[in-house]
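Only one structure is covered here, and it is reproduced in the block below.
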Amino acid sequence: MMPVPHATSLRRAPVQRRSAERLTRILDACADLLDEVGYDALSTRAVALRAGVPIGSVYRFFGNKRAMADALAERNLERYSERVTRRLGERGGEGGWRSAMDAVLDEYLDMKRTAPGFSLVDFGNQIPVGVRDAEPNHRVADRLTDMLSAYLDREPDAELRRMFLVAVETADSLVHLAFRVAPEGDEKIIGEMRELLRAYLARVLD
């Protein structure tokens, strides 16, 4: 069973398999509708209708669409982490940190292009969701630090966390620029971003 969003996004965490499956359908419907109508036109009623569940089932988990989008962002981060972990496992350490950086970027770009709702919500960056002190890029940077520190044979210390935060903030800005310039992401801007990040990370990781 897929990991459920963190309990802070839910009024009530699912316990039974049937309840978890219903939550999955609700979040899937939310993601599809974000692509179709955008965040402003999104409604809990429309999500319930698309998911084929009573409106009360949506409110059982979420107080409003903001909380629902936050939960979708958290699910996106879980799925992204699983994809990066699997990709790194397949490489078995081959290629060092540059290979790891490519895996991190490639999986993000693939989700940006293909995952429903991701272009609007991703990890919570573009729609202000959640509490102010739980900024999405800090969550992403902390997750990457915890995932990659062992792979890089480095302690997940303050220096490494700061480095990943700067890298994530930089990549976030440039990826959004690339997708503003071209629907599938401008490859020249993405290429410049890769070179910029390699040069920055080399100072600490080489």
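Since the model is a prediction, treat every value here as computed from it, not as a measurement.
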For [X] versus [Y], what's the shortest heavy-atom pair and its separation?
| X | Y | answer |
| --- | --- | --- |
| Gly117 | Leu34 | CA-CB, 4.2 Å |
| Val84 | Ala103 | CG2-O, 4.4 Å |
| Ala73 | Gly124 | CB-N, 3.5 Å |
| Ser43 | Ala46 | OG-N, 3.0 Å |
| Thr145 | Pro156 | CG2-CB, 3.8 Å |
| Ile55 | Ala48 | CA-CB, 3.8 Å |

Problem - Candidate pair Arg83 and Asp110, rule salt bridge (Lys or Arg N to Asp or Glu O under 4.0 Å), full reasoning - result: CA-CA 10 Å; Arg83 290 172 61 145; Asp110 187 60; 2.4 Å; yes
Side-chain contact, heavy-atom cut-off 4.5 Å: [X] with [Y]?
| X | Y | answer |
| --- | --- | --- |
| Asp28 | Pro116 | no |
| Leu201 | Trp97 | yes |
| Asn76 | Leu72 | yes |
| Leu148 | Arg154 | no |
| Arg66 | Tyr39 | yes |
| Glu82 | Glu107 | no |
| Tyr108 | Asp122 | yes |
| Arg198 | Asp102 | yes |

Handout entry: Arg203 vs Tyr200, side-chain contact (heavy atoms from CB on, under 4.5 Å): CA-CA, chis, key distance, verdict
Key = CA-CA 6 Å; Arg203 296 190 315 161; Tyr200 171 68; 3.2 Å; yes
Exercise for the section: Show your working on salt bridge (Lys or Arg N to Asp or Glu O under 4.0 Å) between Arg162 and Asp157 and close with a plain yes or no. Expected result: CA-CA 9 Å; Arg162 183 175 60 253; Asp157 55 19; over 6 Å; no
Exercise for the section: Carefully, step by step, assess Arg194 and Ile189 under the rule side-chain contact (heavy atoms from CB on, under 4.5 Å). Expected result: CA-CA 9 Å; Arg194 288 183 190 274; Ile189 292 175; over 6 Å; no
Exercise for the section: In sequence, state the C-alpha distance, the side-chain angles, and the governing distance for Arg50 and Glu36, and then conclude on salt bridge (Lys or Arg N to Asp or Glu O under 4.0 Å). Expected result: CA-CA 12 Å; Arg50 175 65 62 88; Glu36 293 174 21; 2.9 Å; yes
Fill in the blank from the handout: Interatomic distance, CG@Asp32 vs CG@Leu42, rounded to 0.5 Å, equals 11.0 Å
Handout entry: Whether over 12 other heavy atoms sit under 6.0 Å from Arg113 CZ
Key = yes
Examine distances only and state if a side-chain atom of [X] and a backbone atom of [Y] form a donor-acceptor pair shorter than 3.5 Å.
| X | Y | result |
| --- | --- | --- |
| Asn137 | Val168 | no |
| Arg139 | Leu77 | no |
| Tyr80 | Val104 | yes |
| Lys65 | Asp40 | yes |

Practice task
Decide, yes or no, whether a salt bridge links Arg161 with Glu155 under the criterion of side-chain N to carboxylate O below 4.0 Å.
Solution key: no
Problem - Single-linkage hydrophobic cluster, 4.5 Å side-chain cutoff, Val140 and Leu109 together - result: yes
Exercise for the section: Could you tell me which residues satisfy salt bridge (Lys or Arg N to Asp or Glu O under 4.0 Å) with Arg98, sequence neighbours excluded, listed by chain and number? Expected result: Asp206
Practice task
Determine, step by step, whether Asp146 and Phe164 satisfy the side-chain contact (heavy atoms from CB on, under 4.5 Å) criterion, reporting the C-alpha distance in whole Å, the side-chain angles of both residues, the deciding distance to 0.1 Å, and the verdict.
Solution key: CA-CA 10 Å; Asp146 293 337; Phe164 275 119; over 6 Å; no
Problem - Test side-chain contact (heavy atoms from CB on, under 4.5 Å) applied to Ser57 - qualifying residues, sequence neighbours left out - result: Arg22, Val53, Pro54
Practice task
Tell me, with the steps shown, if Glu192 and Leu174 meet side-chain contact (heavy atoms from CB on, under 4.5 Å).
Solution key: CA-CA 9 Å; Glu192 294 284 350; Leu174 292 177; over 6 Å; no
